[in-house]
Every structure is written in structure tokens, then in C-alpha cells.
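Below is one structure, written out as C-alpha cells, with a few remarks after it.
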There are 2 protein chains.
Amino acid sequence: MTVPVDGHLPPEVQALPLEISVYAQPENSIGYLLRMGFRGFSTMLERKTSTHGVSSGQWRFLRQLWIEDGPTQRELSVRVGMREPTTVVAVNSLVKSGLAVREPSVEDRRKVHIRLTPLGRSLQATLLPMVADVNDRATKGLTKAEIATLLRLLRHINGNMAQELEQIGGDAVP
Amino acid sequence: MTVPVDGHLPPEVQALPLEISVYAQPENSIGYLLRMGFRGFSTMLERKTSTHGVSSGQWRFLRQLWIEDGPTQRELSVRVGMREPTTVVAVNSLVKSGLAVREPSVEDRRKVHIRLTPLGRSLQATLLPMVADVNDRATKGLTKAEIATLLRLLRHINGNMAQELEQIGGDAVP
DNA sequence: GGACTATGGTTAGAGTTCTAACCATTAATT
DNA sequence: AATTAATGGTTAGAACTCTAACCATAGTCC
């Protein structure tokens, strides 16, 4: 097995400027670090919420419905940032689990409103503490100031990327 | 449609301590911010690499093979942090695209080594600048010091979560 | 040496998400 | 009013990822 030591890169990569070749190490890429972080977060949270029958796929939609109950399926898609087919299956799943219902609109027969059941609504008080707990564990050892900085920097790069994708792709983030 | 204004939360959620109820807003959760960031990053990068026929699924494995060529499939799984069935399909895909080959081990007939083709290896010089570009766009407007801080904080929370998941789950991050 | 156990890889089936194509309903235009 | 546009939702098919079950090979232990 060929294991190049740090800095032992093929000639055409060595020829690249240092600002580029640092990315040969994934740990130097923000994308990689975000991915690892997200996966860890998602896993930890799902382990907790699954005890109440809530999967990570349902979670994002449930959270949005707590903020705004009764949107159309299209509106829900936009708020959550997912494409419509994704919303279809997520809502199917919420309905199947008894957390939400589909309610056909009366003034426009194309539209369907998604509404929480009492069960779905009641879960907020149960599940929010779990998010808090996972956030706490993730930030253990950081000061409040550092956490605030992290939030600010993350929001900044997310803003940058939303802007890039909007002007270039002209479309939502898949 | 019911749109609760900020702070207009159901009684059982209002009853929660403030440290918990802040998470009613996704923008206050690190997990949400990581997820958005990762998705933006992944989308931007894939738009570029796909012009060379490299998908985001292949990307992570390719990057690891650039660091260490010829691992067994099991070793590759561990390095990349994916489960074995995931590696099977990823390697299938790399082989199909002519970027890597499966090479049965001679000393242990259970093992299979994964080795880059010249094409797969040559892509490093082409694709690394793309990662650099996406990182640059994502961090536009941040100082070098802020970027360094972001990397440090992300590595810190990733370390925390790896530790949590190791001791509690006893298993890899899905 | 033959029966357990461990290791490496694969297959089967599921969940989450996407794009593309489609159908139903409403709005706009001529 | 009839045709065309736009809007809301669904279905079909794919990519990526997982868990669980499985097969093949190698190592261990009586």
C-alpha cells in the first residue's frame, strides 16, 4: 500500500500553488468539516428523537410546522428548503405516523394544507430539549463567546453560498 | 395559515427554560447551520466536478485514494468514514468510470485492493483547484484570522461529537 | 483434522433526497 | 369562450447512504 507522507504529493499537484495544494488534506477544507459536523449532529439527534418515532427526515418538516402550522405543501417545501417530491414523501411519512394531516384547500382545489395533529404539536416540548442537549454536547469546552462566533461565521458562509447558488444556478440548494 | 410571531410559542414550550426554547428557531442550532453549509458546499463543488464526470459520492473516495492508494475495501471504508456497503457501490461506480480498479489480494483471498487508474490519479490536479475555489467563495468577506478560527471551532465540535458517538454508540458515524 | 470464530466483502431492502416528466386546476390572453 | 400559461401536486427513476443478513476465506482451539 502506497502511503504518501504529508507533503509527499504527485509532481503535478506539487506544482500547484500552496493555497490550492493544502486542500489535498480534507481536514483543511471547510466543506469536509461541515459534512463531518452535520453527520455527527444528525446521528446524535436521531438517536434521541427515534425513541419518539421521529426520524431525521421527518424532523426538519416537523420543526417548520411548529413555526408555521397549516402551510400548503409548496410553501412547506420552500420553507424547509427541499424539493417538492421530497416534501411529498416526508408528508406521507408524517401522516402515516399520525403527526400531521393533509387538508385539501377549499378555495383552490390544487392546494393541500399540512396541519399538525395534537400529537405532532405536543412533540415540540419533548424534542426541543434534545436539540439543546446535542448542541451542548457539541460545544462542550467552548466559551459562550466562541459559540457566538461560530454561529456568526457559519451564518456568514451560508449567506455567501446562498448568494453564489442563487446568482449562478438560479435554483434552490438541492 | 397560523404564523406565530417570534416568541409566540405554545404554552408547554414557553414553559421551557430559555436555553432550550431558543432552539425553536433553526437558525440558532449549530446542526441546522452545519447542514445548510454542507449542502451549499456540496452543491457548488458537484456542479464543478461533474464537468469531469465526478459525482459527490465518488469524490470522497477519490480524495482518500489520492492520499493513500491501494487500500483494501475495508480500509478505505474506515478512512472515508462510510459503511462497507456504501464503499461497495462507490467503488463499483469508480471502476465503471475508469477511475479505479479492484485488485484481488494475493496473500489473502478475502481481500481486494482498490487502486487508482492513471486517469483517477491525474484528476487530483484538476479537481483540487475546484475545492480551493469553493472554499474561497464560501469564505468571501472573512479575514484570514476568522477563517482560521472557523476551522479551529469546527474541528473542536467534530472532536466532541466523535468522542460522544464513540463512547455512547460504540460505532461509526452513519 | 474438524468445528467454532473472526474477518472481508457482497446482497437485499430501506430512508432521504434529487431531476424529469406528468396530471389537475386555475389564471391569462386572444 | 377557447386556447394557452402558470401553478400545485404526484409519480417514476436515480444516487447516496444505512442496517441486517449472508457467503467465502482465514485463524483458533479442542
Side-chain angles (χ1 to χ4, degrees), chain A residues 1 35-36 38-40 42-43 45-47 49-50 53-62 71-97 102-114 165 169-174, chain B residues 1 35-36 38-40 42-43 45-47 49-50 53-62 71-97 102-114 165 169-174:
Chain A
M1 185 161 58
R35 174 180 160 75
M36 287 297 123
F38 159 61
R39 277 164 60 89
S42 177
T43 302
L45 185 57
E46 185 161 25
R47 284 209 187 143
T49 62
S50 67
V54 175
S55 72
S56 66
Q58 298 175 316
W59 163 254
R60 321 183 204 303
F61 290 87
L62 207 46
T72 66
Q73 218 163 280
R74 167 70 45 96
E75 287 166 340
L76 184 54
S77 300
V78 173
R79 305 280 194 280
V80 172
M82 299 281 171
R83 296 316 183 97
E84 313 239 344
T86 304
T87 304
V88 171
V89 321
V91 170
N92 286 347
S93 155
L94 289 175
V95 169
K96 198 170 178 182
S97 302
R102 275 199 177 83
E103 197 178 84
S105 166
V106 282
E107 72 271 2
D108 187 335
R109 277 187 302 166
R110 292 170 301 184
K111 297 184 180 176
V112 181
H113 292 277
I114 312 301
L165 287 167
D171 220 359
V173 184
Chain B
M1 182 160 59
R35 174 181 159 74
M36 286 297 124
F38 158 61
R39 275 164 60 88
S42 177
T43 302
L45 186 57
E46 184 161 25
R47 285 210 186 143
T49 61
S50 67
V54 175
S55 72
S56 66
Q58 298 175 317
W59 163 255
R60 321 183 205 303
F61 290 88
L62 207 47
T72 65
Q73 218 162 279
R74 167 70 44 97
E75 287 164 343
L76 184 55
S77 300
V78 173
R79 305 283 194 278
V80 173
M82 299 282 170
R83 296 315 184 100
E84 314 240 343
T86 304
T87 304
V88 171
V89 321
V91 169
N92 286 346
S93 156
L94 289 175
V95 168
K96 199 172 178 180
S97 303
R102 276 199 177 82
E103 197 178 82
S105 167
V106 282
E107 71 271 2
D108 187 335
R109 275 187 305 164
R110 292 171 301 183
K111 297 185 182 177
V112 181
H113 293 277
I114 312 301
L165 287 167
D171 220 355
V173 184

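Per chain, numbering begins at 1; letters A, B, ... match sequence-line order. From a predicted model like this one, the values you see are computed outputs, not experimental measurements.
For B/Ser50 (side chain) and B/Glu46 (main-chain N/O), a donor-acceptor pair under 3.5 Å exists by modelled atom type. Side chain of B/Gln73 to backbone of B/Val112: no donor-acceptor contact under 3.5 angstrom is found. Proximity of a side-chain donor or acceptor of B/Ser93 to a complementary backbone N or O of B/Val89 within less than 3.5 Å is not detected. Within the 3.5 Å criterion, the main-chain N or O of B/Thr87 finds no donor-acceptor partner in the side chain of B/Ser77. Distance alone, capped at 3.5 Å, places no donor-acceptor pair between the A/Arg60 side chain and the A/Met82 backbone.
Within the nucleic acid shown, B/Thr87 has no heavy atom closer than 4.0 Å to any nucleic acid atom. Using a 4.0 Å heavy-atom criterion, one finds that A/Ser93 contacts no nucleic acid atom at all. Residue-level contact check: A/Val112 touches the backbone only, with heavy atoms under 4.0 Å from sugar-phosphate atoms and none from bases.
For C/dT17, one of the phosphate oxygens OP1 or OP2 lies less than 4.0 angstrom from a side-chain nitrogen or oxygen of B/Arg35. Contact between the side-chain N/O atoms of B/Ser56 and the OP1/OP2 oxygens of D/dA15 is not found at any separation under 4.0 Å. Within the structure, every side-chain polar atom (N or O) of A/Arg83 is placed at least 4.0 Å from both OP1 and OP2 of D/dG8. Contact between the side-chain N/O atoms of B/Arg60 and the OP1/OP2 oxygens of D/dT17 is found at a separation under 4.0 Å. Listed pair A/Arg109 / C/dA24 fails the phosphate criterion, with no side-chain N or O lying under 4.0 Å from OP1 or OP2. OP1 or OP2 of D/dC18 sits under 4.0 Å from a side-chain N or O of B/Thr86.
Atom P of nucleotide C/dT10 and atom CD of B/Gln73 are separated by 4 Å, given to the nearest angstrom. The separation between A/Lys96 atom NZ and C/dA14 atom P is 10 Å, rounded to whole Å. To the nearest angstrom, P of D/dT7 lies 17 Å from CD of A/Glu107. One atom, CG of A/Asn92, and another, P of C/dA14, lie 16 Å apart when rounded to the nearest Å. Summarising the geometry, the separation between CD on B/Glu46 and C1' on D/dA14 is reported as 13 Å, rounded to the nearest angstrom. Between the C1' atom of C/dG9 and the CG atom of B/Leu76 lies a distance of 13 Å, rounded to the nearest Å. The nearest whole Å value for the distance from the CZ atom in A/Arg39 to the P atom in C/dT16 is 15 Å. B/Gln58 has its CD atom 11 Å from the P atom of D/dT17, to the nearest Å.
In this structure, D/dA5 shows a glycosidic angle within 90 degrees of zero, which is the syn conformation.
Using Watson-Crick or G-U wobble geometry with both donor-acceptor distances under 3.5 Å, C/dG13 finds its partner in D/dC18. Look at C/dT5: its Watson-Crick or wobble partner, with both distances under 3.5 angstrom, is D/dA26.
The residue among B/Pro85 and A/Asp108 whose nearest nucleotide of DNA chain C lies closer to the 5′ end is B/Pro85.
Side-chain contact between B/Arg79 and B/Pro71: absent, with no pair of heavy atoms (C-beta onward) separated by less than 4.5 Å.
In the interface, the side chain of A/Arg110 is paired with the base of D/dT7 through a donor and an acceptor atom under 3.5 Å apart.
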